[in-house]
Amino acid sequence: MIDDLMQRENYVLAKKLLDVSHAKQNAIASNLANVETPGYKRIDIQSDFEANLRKAASSNDVSEISNLQFRTVTDLSTPSVRADGNNVQIDQEMLRMQKNAIQYEFLANYTSTSLSRLKTAISGRV
């Protein structure tokens with residue numbers, strides 16, 4: 001029964017979003033660590049992932065959501081403003097980190113609250 005609940009669309013979607021948020025945080029951390037590396041190009045999650053996830057979520061097909069893959073790609077679209085070819089802009093990365101942290105916290109709270117409600121329903125205690 002618990003496995004059936006965990007395979008519902010909202011849990012699968014929340015898990016996928018938490019996984020993406022974690023990968024995005026790693027990409028941002030890598031970008032910040034290499035802000036002074038000559039020639040380094042920033043990395044990010046593929047740009048079309050969110051659109052693909054929205055499409056999968058609107059299909060109401062849980063397997064489509066769970067099978068959707070994301071990958072980290074090198075961002076060659078952001079121009080380099082430095083002579084050494086590095087295209088990491090520290091202020092933009094810090095902004096992305098803050099936005100990602102807020103999204104992760106929201107998703108973690110949503111999941112935690114949902115699981116807490118499930119626990120209450122199972123135990124019968126408030």
Side-chain angles (χ1 to χ4, degrees):
M1 181 171 146
I2 296 293
D3 287 341
D4 290 341
L5 288 172
M6 293 302 170
Q7 295 304 317
R8 295 182 69 180
E9 182 181 305
N10 57 342
Y11 285 111
V12 173
L13 185 59
K15 181 183 181 316
K16 184 65 71 176
L17 288 170
L18 284 169
D19 289 345
V20 170
S21 183
H22 177 75
K24 192 177 285 188
Q25 191 70 15
N26 286 340
I28 293 168
S30 178
N31 293 338
L32 289 172
N34 288 289
V35 71
E36 296 295 328
T37 303
Y40 179 82
K41 300 295 183 195
R42 66 178 301 275
I43 58 174
D44 202 352
I45 302 300
Q46 66 194 77
S47 62
D48 62 345
F49 177 76
E50 287 185 24
N52 292 338
L53 186 59
R54 280 191 185 103
K55 183 178 175 184
S58 66
S59 73
N60 293 325
D61 183 1
V62 174
S63 65
E64 191 171 335
I65 296 169
S66 61
N67 291 333
L68 189 61
Q69 300 293 316
F70 58 89
R71 58 187 169 89
T72 304
V73 296
T74 302
D75 179 11
L76 299 174
S77 66
T78 303
S80 176
V81 293
R82 296 174 25 178
D84 64 7
N86 186 315
N87 68 352
V88 177
Q89 297 177 18
I90 195 165
D91 54 338
Q92 292 297 316
E93 296 301 324
M94 296 299 287
L95 188 62
R96 287 182 182 103
M97 182 186 296
Q98 290 293 325
K99 181 180 173 185
N100 191 52
I102 290 168
Q103 289 173 338
Y104 186 89
E105 187 174 319
F106 172 80
L107 289 166
N109 283 339
Y110 169 78
T111 304
S112 176
T113 302
S114 295
L115 292 175
S116 179
R117 286 185 198 144
L118 180 61
K119 180 180 176 184
T120 300
I122 291 171
S123 68
R125 288 186 258 165
V126 177

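Annotation for L76: hydrophobic cluster partners, listed by chain and number, are none (ILVMFWY side-chain heavy atoms under 4.5 Å, direct or chained). In the hydrophobic clustering, Y110 connects to no other residue, as no ILVMFWY side-chain heavy atoms lie under 4.5 Å from its own.
Nearest heavy atoms, I65 versus V12: CG2-CG1, 3.7 Å. Closest heavy-atom contact between N86 and V35: ND2-O, 3.2 Å. Closest approach of K41 to S80, counting heavy atoms only: NZ-CB, 4.4 Å. For A27 against D44, the heavy-atom pair with the smallest separation is CB-CA, 4.3 Å. Here the shortest heavy-atom pairing between T111 and A14 reads OG1-CB, 3.8 Å. The two residues L68 and A56 have their closest heavy-atom pair at CD2-CB, 4.5 Å.
Y11 and L53 fall into different hydrophobic clusters, where Ile, Leu, Val, Met, Phe, Trp and Tyr side chains are chained together by heavy-atom contacts under 4.5 Å. Both M94 and V88 sit in one connected hydrophobic cluster of ILVMFWY residues. Membership requires side-chain heavy atoms under 4.5 Å apart, directly or through other members. Linking ILVMFWY residues whenever their side-chain heavy atoms come closer than 4.5 Å, directly or via other members, places V20 and L13 in the same cluster. In the hydrophobic cluster analysis, where Ile, Leu, Val, Met, Phe, Trp and Tyr join through side-chain heavy atoms closer than 4.5 angstrom, L18 is grouped apart from I28. Transitive grouping of hydrophobic side chains (ILVMFWY, heavy atoms separated by less than 4.5 Å) keeps I43 and V73 in distinct clusters.
For D48, the side-chain contact (heavy atoms from CB on, under 4.5 Å) test picks out Q46, N52, with sequence neighbours left out. Here T113 pairs with nothing under the side-chain hydrogen bond (donor to acceptor under 3.5 Å, both in side chains) rule; sequence neighbours left out. Residues passing the salt bridge (charged side-chain N to carboxylate O under 4.0 Å, His left out) test with K16: none are found, sequence neighbours excluded. For N34, the side-chain contact (heavy atoms from CB on, under 4.5 Å) test picks out S30, T37, Y40, with sequence neighbours left out. Every residue meeting the salt bridge (charged side-chain N to carboxylate O under 4.0 Å, His left out) condition with E93, not counting sequence neighbours, appears here in chain and number order: R42, R96. In this structure, the salt bridge (charged side-chain N to carboxylate O under 4.0 Å, His left out) partners of R82, at least two apart in sequence or on a different chain, are D84. Applying the side-chain contact (heavy atoms from CB on, under 4.5 Å) criterion to Q98, with sequence neighbours excluded, gives no partner residue. D19 pairs by the salt bridge (charged side-chain N to carboxylate O under 4.0 Å, His left out) definition with K15, not counting sequence neighbours. Taking F70 as the reference, F49 meet the ring-ring contact (aromatic ring centres under 6.0 Å, His included) condition, with sequence neighbours excluded.
Counting non-hydrogen atoms of other residues, nucleotides and ligands closer than 6.0 Å to CD of E50 gives a total of 12 or fewer.
At a threshold of 4.5 Å between non-hydrogen side-chain atoms, the residues I45 and T72 count as touching. Using a 4.5 Å cut-off on side-chain heavy atoms (C-beta onward), I122 and K119 make no contact.
The backbone N or O of L17 sits nowhere less than 3.5 Å from a side-chain atom of S21 that would complete a donor-acceptor pair. A donor-acceptor contact shorter than 3.5 Å is absent between the side chain of S112 and the backbone of A108.
The one candidate from Q25, H22, K24 that meets the side-chain hydrogen bond (donor to acceptor under 3.5 Å, both in side chains) condition with N100 is Q25.
Legend: salt bridge (charged side-chain N to carboxylate O under 4.0 Å, His left out) pairs involving residues 99-113, not counting sequence neighbours: none detected.
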